[in-house]
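Labels below follow one simple rule: chain letters A, B, ... track the order of the sequence lines, proteins then strands, and each chain is numbered from 1.
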Number of protein chains: 2
Amino acid sequence: MARGEQGKGAKRKAILEAAVRVFAEKGYFGARMRDVAAVAQVADGTLYLYFDSKEDLLTAVLEEHAQAFVERARRDCAQLSDPRHMLQTVLERHLASLEANRALATVFQIELRHSRKFLRRIAKGQVSQYLQLLQEIVGSGVSQGVFRRELDPKVAARVIFGAVDELVTAWILAQKPSGLKEQVAPLLDVLFYGLCRTTNQEVQEKGGNHERTNHLTGSL
Amino acid sequence: MARGEQGKGAKRKAILEAAVRVFAEKGYFGARMRDVAAVAQVADGTLYLYFDSKEDLLTAVLEEHAQAFVERARRDCAQLSDPRHMLQTVLERHLASLEANRALATVFQIELRHSRKFLRRIAKGQVSQYLQLLQEIVGSGVSQGVFRRELDPKVAARVIFGAVDELVTAWILAQKPSGLKEQVAPLLDVLFYGLCRTTNQEVQEKGGNHERTNHLTGSL
DNA sequence: CGAGACTGAATGAAGGTTCAGTCAGGGGGG
DNA sequence: CCCCCCTGACTGAACCTTCATTCAGTCTCG
């Protein structure tokens, strides 16, 4: 075996990468298995040596990337104690990893939501683990007294997730691919401090203190 | 003419409603035109007397509902002066109208994201108008001094949109359709006041003041 | 030579769209 | 007043394209 240039899973990996590109470009239903095969430089039938079906192929793409992401995010968080840092790290990773692979990002933002079937399957698995992680971060922030006591961690986690998700979708749809990582700062600013001017702040801070975004150096 | 029981556009309307139901149940690509025809109690060919194609049918569903929604939201806002009230009203309407028609909500949350093509078309139109409205609300909040000066209205609008959107998607995917409107309060709580405990609040308010949510009766 | 990886033309199902026909109403002529 | 024909909305069976998937065969390595 190992006819190809490299190791064993090389062909499988090639197919997965081709799938990301083709799914990203045409969408799941618009993508032809033939196209995937062509991009992977493989015969049509070969796809079926590695994946049971088109659906299985998409699922594999989604699950493997999502799983890797959530695992890494968890590992990163384990090293930190301040929930604000955790959130920053996780969101930075989230945006950076999608920014690094626009095709993959497209598949995640668009194809993942394709049908209730896919959404449910993935939502039950990886995405819910991601939400779970966010929820835990919020929860620990609350119990540490860093985050507000009144928060509903479930809703807060969804707000965070939805916000990042929306930024990514906007980035995907934009023709001029501006930076994504750069949006972490303003995003965190809104998430941490909200829209409203606190009554207490009403008078203080007059100057153009636009560097509120650098919160992580202030306290703690 | 007017063979049907009612007025002219009755058949067209029936088809649109049927389309919402079928698209919601099976997804765009899973939906059969035959099913739509059957639900609308109309022959297959009749669909093509009113709509050019399957794609045209989905587009019509999406655009007509979205347009109506944005228009109403704008009208509502025109009656209000406090941007917090505006936000509350708009989000309440958003959640309430989708809660009232789960099938429509499904189409919006899932089918709208089906392909870059649809997403782009709608995103350029109705959705961007919605984002525009949110951005204006944030902007006026900032200039009125109700919202923080440091906000990036564009990012803030996306955060708001993403948050609501995510709540709706979660609701769609949940098998037990719990209330959606009820989530407006905790949502606004997070959006208005953010995650972080303000340093000033550190000491004050100890009691179980879980009614922070009732912000709209406090100041202003 | 055998085993297994790989090929790609052939297959069969599916389903969007078409279009030749049906039918109900109405208007005009007998 | 009745009948007949015309109009056009409506019908739905058939068409035809488009793929996902299969499998009989080829190729290569050990």
Quick one: list whatever passes side chain to side chain contact (heavy atoms under 4.5 Å, CB included) with B:Ser81, sequence neighbours left out.
none
Nearest-Å distance, CZ (A:Arg12) to P (C:dC6)?
13 Å
Closest to the B:Lys54 side chain, choosing from C:dT7, C:dG16, D:dA20
C:dG16
Among C:dT17, D:dT21, C:dC6, which is the nearest nucleotide to the side chain of A:Met33?
D:dT21
Indicate whether OP1 or OP2 belonging to D:dC10 is found under 4.0 Å from a side-chain N or O atom of B:Tyr50.
yes
With the threshold set at 4.0 Å, does a side-chain nitrogen-carboxylate oxygen contact exist between A:Arg84 and A:Asp82?
yes
Among residues at least two apart in sequence or on other chains, which ones pass side chain to side chain contact (heavy atoms under 4.5 Å, CB included) with B:Ala100?
none
In whole angstrom, what separates A:Phe29's CZ from D:dT17's P?
23 Å
Please report the distance, rounded to the nearest Å, between OH in A:Tyr48 and C1' in D:dC19.
9 Å
Tell me whether the side-chain N/O atoms of A:Lys11 come closer than 4.0 Å to OP1 or OP2 in C:dC6.
yes
So for the helix from C:dC1-D:dG30 to C:dG30-D:dC1, with five pairs setting each end axis, what is the inter-axis angle to 10°?
10°
Please list, chain by chain and in numerical order, all residues satisfying side chain to side chain contact (heavy atoms under 4.5 Å, CB included) with B:Gln41, sequence neighbours excluded.
none
Tell me which pairs pass salt bridge (charged side-chain N to carboxylate O under 4.0 Å, His left out) where either residue lies in residues 92-103 of chain A, with sequence neighbours left out.
A:Asp76-A:Arg93
Partners passing side chain to side chain contact (heavy atoms under 4.5 Å, CB included) against A:Tyr48 (at least two apart in sequence or in another chain)
A:Met33
Rounded interatomic separation in angstrom, taking CG from B:Leu57 and C1' from C:dT17:
14 Å
Going by salt bridge (charged side-chain N to carboxylate O under 4.0 Å, His left out), name the residues that satisfy it together with A:Asp35, two or more places apart in sequence or in a different chain.
A:Lys26
Taking ring pair (Phe, Tyr, Trp, His ring centres under 6.0 Å) as the test, write out the residues that go with A:His65, two or more places apart.
none
Heavy atoms within less than 4.0 Å of DNA chain C: which residues of residues 35-47 of chain A have one? Give them sorted by number.
A:Val42, A:Ala43, A:Asp44, A:Gly45, A:Thr46
